[in-house]
Amino acid sequence: MLHLQAASVNYRIAVGKDIGKKVFTLQTLPAQDEDNYGQLAQIDGFSLHAGVFADTHQAQKPERLCRYIARPAVSEKRLSLTATGNIRYELKTPYKDGTTHVFFSPFDFISKLAALVPPPRLNLTRFYGVFAPNSNVRARVTASQRGKNSPRLAEDLKDSDKPYHARSMSWAQRLKRVFNIDITICEACESNNVKIIACITEPAIINKILMYLDKDGPPITANTCRAPPLFESAQITVGDDYTIERDFDFGA
């Protein structure tokens, strides 16, 4: 994967007989002067575009920017097949050298798509400079004041000989932040008296716990309260300790 990613960012062919060569591009516009190419800065392999900003009263601009960031990596509308069987991709914004189209062989195009697949168990958003997790000034430039030299951690680290270590949020904190679900509040008395003792993710163990709870009350297992399947030919595989249902519509 490192080889595919390196070839992707350098616009090189990663697989096939022409491995290492530059991908074929089509330049239909004159090259722009680098000094006049907008508010764009490049240093140490990183690029920063400072031409997009929003005032406090422009509520629609941040939403539009978030939609732009969350867009798919490849636009199918600008993707087409040439008469020779190659993949042609039209750029939304021409490069500063005038490039408007990029051509790939089908095999090399698959390698470029594979380079876009995020690796498992790795953060997709990485910060550099003052926003990095171990930056000495991160607590000064973030609203949460998390990081080294944070005034919120001064009392906790005052009498401790352990070095600072950036701590991530727990599953309970993530549920409350993203979905506004606070699992530490009791549903019966609505007080913060719930203690989290474990996070169980194994399907077999979850099924055993639900089956045990069925003995003391109304059935709550997935086999009795699930929504009706949309397809009559849904395959059901029965395991030793639990049941796996395929072709299940989670949006039903």
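No experiment lies behind these values; they were computed from the predicted model shown.
Smallest separation of non-hydrogen atoms from Ile19 and His3: CD1-NE2, 3.8 Å. When all heavy atoms are compared, the tightest approach of Val130 to Val137 is CG1-CG2, 3.6 Å. Contact between Pro106 and Gly85 at its shortest, heavy atoms only, is CG-O, 3.3 Å. Taking each heavy atom of Ala115 and Leu4 in turn, the nearest pair found is CB-O, 3.9 Å. What you find for Val194 and Cys186 is that their closest heavy atoms are CG2-N, 3.6 Å.
Residue Leu26 is not grouped with residue Ile87 when hydrophobic side chains (ILVMFWY) are merged at heavy-atom distances under 4.5 angstrom, including chains of intermediate members. Cluster membership for Leu116 and Ile13, using ILVMFWY side-chain heavy atoms within less than 4.5 angstrom, is shared. A single hydrophobic cluster is not seen to contain both Val102 and Val9; linkage of ILVMFWY side chains at heavy-atom distances under 4.5 Å, directly or through other members, places them apart. Under a hydrophobic-cluster definition in which Ile, Leu, Val, Met, Phe, Trp and Tyr are linked whenever side-chain heavy atoms come within less than 4.5 Å, directly or via other members, Val117 and Phe109 are assigned to different clusters.
In this structure a side-chain-to-backbone donor-acceptor pair under 3.5 Å is present from Asn10 to Ala6. Of the possible donor and acceptor atoms, one in the side chain of Asp97 sits under 3.5 Å from a partner among the backbone N and O of Thr99.
Applying the 6.0 Å contact sphere to CG of Asp55 captures more than 12 heavy atoms from other residues, nucleotides or ligands.
Applying the ring-ring contact (aromatic ring centres under 6.0 Å, His included) rule to Phe103 yields the partners Phe24; only residues at least two apart in sequence or on another chain are considered. Lys61 pairs by the salt bridge (charged side-chain N to carboxylate O under 4.0 Å, His left out) definition with nothing, not counting sequence neighbours. Remark: Lys21 engages Asp18 in a salt bridge (charged side-chain N to carboxylate O under 4.0 Å, His left out) (not counting sequence neighbours). By the ring-ring contact (aromatic ring centres under 6.0 Å, His included) test, Tyr11 is found to be paired with Tyr95, residues two or more places apart in sequence or in another chain being considered. Not a single side chain to side chain contact (heavy atoms under 4.5 Å, CB included) links Ile110 to another residue, sequence neighbours left out.
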What side-chain donor-acceptor pairs closer than 3.5 Å can you find for residues 68-81, not counting sequence neighbours?
unit_1: Arg71; atom_1: NH1; unit_2: Tyr68; atom_2: O; d: 2.8
unit_1: Arg78; atom_1: NH1; unit_2: Tyr89; atom_2: OH; d: 3.3
unit_1: Arg78; atom_1: NH1; unit_2: Glu90; atom_2: O; d: 2.7
unit_1: Ser80; atom_1: OG; unit_2: Arg88; atom_2: NE; d: 3.0
unit_1: Ser80; atom_1: OG; unit_2: Arg88; atom_2: NH2; d: 3.2

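In this structure, Thr82 OG1 and Phe104 CZ are separated by 12.5 Å, a value rounded to the nearest 0.5 Å. Note that CG of Leu91 is 9.0 Å distant from OG1 of Thr25, once rounded to the nearest 0.5 Å. Put simply, CD on Gln173 and NZ on Lys176 are 9.0 Å apart, with the number rounded to the nearest 0.5 Å. For the atom pair Ile200 CD1 and Ile209 CD1, the distance stands at 3.5 Å (nearest 0.5 Å). Within the model, atoms CZ of Arg140 and CZ of Arg138 stand 14.5 Å from one another, a figure rounded to the nearest 0.5 Å. Rounded to the nearest 0.5 angstrom, Gln5 CD and Lys112 NZ are separated by 12.0 Å.
Counted by atom type alone, Asp108 and Ser111 present one or more donor-acceptor pairs between their side chains at under 3.5 Å.
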